[in-house]
Amino acid sequence: CRAVLTLRVSLAERSYPILIGESLLSDAALLGQHLPARDLLLVSNTTVAPLYAERVRAALGDRRIVDVRLPDGEQYKTMEYMQRVLDVLVANRFGRDCVVLALGGGVIGDLAGFSAACYQRGVAFAQMPTTLLAQVDSSVGGKTGVNPPGGKNMIGAFHQPSVVFADTSTLHTLPLRELRAGLAEVVKYGLIFDIAFLDWIENNVDALLKLDAAALAHAIHRSCELKADVVRRDERESGDRALLNLGHTFGH
Ligand code: GLY
């Protein structure tokens, strides 16, 4: 039987679960349990949507699901493309009880999350990260936003998701370069917080690169656990959370 690892980000009334495992995005019972809304906005991009949007739609069968597909790339993480998302929410007259689903990597998660933070002064959103980097970092902790011209993440909000579905099967379509970028982030958690975990990564790097489901699930689980602990202590980055930015300015 398929294992689903679960952990909780503890933030009082903003607490939420992170679910990690294979084929979560086609699990009708699991998605249904965590997404009680009738109206859902599925935000994705033109690379990820053809791969995964249909299975999410099928798993959520009886809901009203409206799709928005943005072009793929960091250059589209802007107010202009966020406006498109907001326009679709308004045009469909979605109420405060809708849920925005962010299906994609960090760009989609940040932009969809910020749209959810602004629409009707804040509606729920669920993260469905499809890159390793998003699964271990950007989908967890509630940083959302867009880039202004010439800047990065300077417009945004802290808005925690209501649930994170880290489906390890989606990593099978991820380019190797992006898999490595995610692994570098996993290594970073080991380096900063947990030397035993760093040893484990070293011993399991082949399994991780071969996308072994159990190894990936463990790596994502431990990384999220370490990040969730930092976020719990310093949700709005007035202290320790800044440690997590190590290396991020070099990545772009
Ligand atoms: N990616 C750094 C943070 O979430 O704080």
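Reckoned from all heavy atoms, side chains included, excluding hydrogens, waters and symmetry mates. Every value quoted in this text rests on a predicted model; they were computed, and no experiment measured them. Counting starts at 1 for both ligands and their atoms, in listed order.
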Between the protein and ligand 1, are there any N or O atom pairs that come within less than 3.5 Å of each other, and if so, what are their names and distances?
unit_1   : atom_1 : unit_2 : atom_2 : d
ligand 1 : 1 (N)  : D137   : OD1    : 2.9
ligand 1 : 1 (N)  : D137   : OD2    : 3.2
ligand 1 : 4 (O)  : K227   : NZ     : 2.6
ligand 1 : 4 (O)  : R241   : NH2    : 2.8
ligand 1 : 5 (O)  : K143   : NZ     : 2.9
ligand 1 : 5 (O)  : R241   : NE     : 2.6
ligand 1 : 5 (O)  : R241   : NH2    : 3.4

Assess whether atom CZ of R8 is packed by more than 12 heavy atoms of other residues, nucleotides or ligands within 6.0 Å.
yes
Does one side chain, of S23 or D27, offer a donor that lies under 3.5 Å from an acceptor on the other?
no
Quick one: which residue pairs count as a ring-ring contact (aromatic ring centres under 6.0 Å, His included) with a foot in residues 99-150, not counting sequence neighbours?
F125-H159
ring-ring contact (aromatic ring centres under 6.0 Å, His included) contacts in which one or both residues fall within residues 69-109, not counting sequence neighbours
Y76-Y81
Closest approach of V140 to R241 (non-hydrogen atoms, all atoms of both residues):
O-NH2, 4.2 Å
Other hydrophobic cluster members with V99, side-chain heavy atoms of Ile/Leu/Val/Met/Phe/Trp/Tyr under 4.5 Å, chained?
V4, L19, L24, L25, L30, L31, L35, L40, L42, V48, L51, Y52, V56, L60, I65, L101, L103, M128, V163, F165
